[in-house]
Amino acid sequence: MDSETHFAGKISDADTPRTISAVHRTLGLLESDDECSKIEASKEIRRLTKNSQRCRRQFSAAVPLLVGMLRSDAEEANEAALLAILNLAVKDEKNKVCIVSAGALEPIISFLRSDNLNLQDHATASILTLSASPVNKPIIGASGAIPLLVGIIRNGSSQAKADVVLALYNLSTHPDNLHLILEAEPIPPIVDLLKTCKRSSKTAEKCAALIESFVGFDEGRTALLSEEGGVLAVVEVLEGGSLQSREHAVGALLTMCQIDRCKYREPILREGVIPGLLELTVQGTPKSQSKAQTLLWLLRDSPYPRSELQPDTLENIVCNLISQIESEEQSGKAKQMLAEMVQVSMEQSLRHLQRRALVCTHPR
């Protein structure tokens, strides 16, 4: 589901006189003292701004009034205002910044603690949408929201967990936020989520991306290694995730080995990473292929170059690795993957030679 269109109403045409009239009428209701009128106006704003960028601009003046409703004691008013704010923020950078500037973060963060799961879910979606703004990222990071978001990965609904992972990924792209996220100890719940979500999903991709960022820090590597099944979860994404997820997974393992090969080589090998790496060398993205080959080189018995009589071809590196695998099942799978890799490589070379031959026989 598109994270910026969670809550949809009917589609409206913002260019019609009827819609322009509706905008003025709705703003008037929102300014009234009657709470029922305000709730009705909030629902109308949500409906009108669902797919209309023009309406989002026209209703930007409603932001302070809606933020005021977030502080109401009535949950119905909170929810109606929050859903309207969410739609106003979708694909509108100015509204995102305006919403945070108007003081919306404080009540939204309080909803992250709410026992009302619907309100908590809407608040999580709002943080996700607002966190897409570069201006808002450091403000949200400094607001105290991050520990609460990490807590939702542990205890929230399935949708809220997915939204939090995307929000944390957005926030992690601001350097100051990475340390704040790591302080909240996110790796155990992220690993748990990675184990249960669909490997080809956007959630798995962002989990892997976060882990790749975290292992650049000592506390991130220590947490991943300490978490039962942590390295294995990354290896499983490397084997069965989307192309982008696999790129993040191999990047995470490569970062660990490059920082401290002696410490991390054995834990990575123990989880049976070789078959997945072999597949990546021929079927991954260009970055994945390069990272997989480098990681294979680091995982072999000795990382130093051999003599000229035994050049460091990928095949030699993999044969060296296979000889160290104790499990017959893993060793057999790795040998099969190596044979398939060599076959694919031969087929690619043959196609390349055939294309060259065609060029030579049919000069322009």
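Note that these values count all heavy atoms, side chains included, but never hydrogens, waters or copies made by symmetry. The model shown is predicted, which means the values in this text are computed figures rather than measured ones.
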Could you go through the side chain to side chain contact (heavy atoms under 4.5 Å, CB included) check for Asn78 and Ser72 one step at a time? CA-CA 6 Å; Asn78 298 154; Ser72 168; 3.9 Å; yes
Run the numbers on Val67 and Val63 for side chain to side chain contact (heavy atoms under 4.5 Å, CB included), then give the verdict. CA-CA 6 Å; Val67 170; Val63 168; 4.2 Å; yes
How far apart are the C-alpha atoms of Glu44 and Arg47, what are their side-chain angles, what is the distance that settles it, and do they pass the salt bridge (charged side-chain N to carboxylate O under 4.0 Å, His left out) test? CA-CA 5 Å; Glu44 184 69 358; Arg47 184 182 74 81; 2.8 Å; yes
Applying side chain to side chain contact (heavy atoms under 4.5 Å, CB included), run through Ile274 and Leu296 and close with a yes or a no. CA-CA 8 Å; Ile274 302 303; Leu296 283 167; 4.0 Å; yes
Take Glu75 and Glu79 through the side chain to side chain contact (heavy atoms under 4.5 Å, CB included) test and state the conclusion after the steps. CA-CA 6 Å; Glu75 287 190 346; Glu79 186 169 340; over 6 Å; no
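Closest approach of Leu83 and Arg46 over heavy atoms only: CD1-NH1, 3.7 Å. Nearest approach of Ala167 to Leu128, heavy atoms of both residues: N-CD1, 3.6 Å. Nearest heavy atoms, Gln258 versus Leu298: CG-CD1, 3.7 Å. Of all heavy-atom pairs spanning Leu299 and Leu269, the tightest one is O-CD1, 3.7 Å. Closest non-hydrogen pair, Thr203 versus Ala162, comes out as OG1-CB, 3.5 Å. Considering every non-hydrogen atom in both Ser42 and Ala80, the closest pair reads CB-O, 3.6 Å.
Counting non-hydrogen atoms of neighbouring residues, nucleotides and ligands closer than 6.0 angstrom, the OH atom of Tyr264 exceeds 12 such neighbours. Other residues, nucleotides and ligands contribute more than 12 heavy atoms inside 6.0 Å of the CG atom of Asp34. The 12-atom threshold is exceeded at CD of Gln53, counting heavy atoms of other residues, nucleotides or ligands nearer than 6.0 Å.
Distance CD1/Ile140 to CG/Leu180: 12.5 Å, rounded to 0.5 Å. To the nearest 0.5 Å, atom CD of residue Glu31 and atom CG of residue Leu29 are 9.5 Å apart. The OG1 atom of Thr255 lies 7.0 Å from the NZ atom of Lys291; values are rounded to the nearest 0.5 Å. A distance of 9.5 Å separates CG in Leu70 from CD1 in Ile99, rounded to the nearest 0.5 Å. How far CD1 of Ile127 is from CG of Leu86: 11.0 Å, rounded to the nearest 0.5 Å.
In terms of modelled atom types and a separation under 3.5 Å, the side chain of Ser101 and the main chain of Cys98 share no donor-acceptor contact. No side-chain donor-acceptor contact under 3.5 Å links Ser226 to the backbone of Ala223. Here the side chain of Arg113 pairs no donor or acceptor atom with the backbone of Gln120 at under 3.5 angstrom. Listed for the Thr196 side chain is a donor-acceptor partner under 3.5 Å among the backbone atoms of Leu193. Under the 3.5 Å distance criterion, the side-chain polar atoms of Ser290 are left unmatched by any main-chain donor or acceptor of Lys287. Side chain of Lys96 to backbone of Leu130: no donor-acceptor contact under 3.5 angstrom is found.
Contact check on Glu205 versus Lys202 returns a salt bridge, with a Lys/Arg side-chain nitrogen under 4.0 Å from an Asp/Glu carboxylate oxygen.
Note on Ile109 and Val150: same hydrophobic cluster, where clusters join Ile, Leu, Val, Met, Phe, Trp and Tyr whose side-chain heavy atoms are under 4.5 Å apart, directly or indirectly. Leu171 and Val97 end up in different hydrophobic clusters when Ile, Leu, Val, Met, Phe, Trp and Tyr side chains are linked at under 4.5 Å.
Residue pairs meeting the side chain to side chain donor-acceptor pair (under 3.5 Å) criterion with at least one member in residues 131-154, sequence neighbours excluded, are Glu93-Ser133, Ser131-Asn170, Lys137-Thr173. Residue pairs satisfying the salt bridge (charged side-chain N to carboxylate O under 4.0 Å, His left out) criterion with at least one member in residues 218-230, sequence neighbours excluded, are listed as follows: Asp218-Arg221.
Taking the side chain as every heavy atom from C-beta outward, Arg57 and Asn95 approach each other to under 4.5 Å. Put simply, the side chain of Val100 does not reach to within 4.5 Å of the side chain of Val135, judged on heavy atoms. Here the side chains of Ser172 and Leu178 are in contact, with some heavy-atom distance below 4.5 Å. The shortest distance between side-chain heavy atoms of Asp176 and Pro138 does not fall below 4.5 Å. At least one side-chain heavy atom of Ile39 sits less than 4.5 Å from a side-chain heavy atom of Met69. Side-chain contact between Leu168 and Ile153 is present, with at least one heavy-atom pair separated by less than 4.5 Å.
Every residue two or more places apart in sequence or in another chain was checked for a salt bridge (charged side-chain N to carboxylate O under 4.0 Å, His left out) with Glu247, and none qualifies.
Glu236 pairs in a salt bridge (Lys or Arg N to Asp or Glu O under 4.0 Å) with only one of the listed residues (Arg199, Lys195, Lys198), which is Arg199. When each of Val234, Leu224, Val215 is checked for a side-chain contact (heavy atoms from CB on, under 4.5 Å) with Leu253, only Val234 meets the rule.
Side-chain N/O atoms of Thr124 and Asp163 include no donor and acceptor closer than 3.5 Å.
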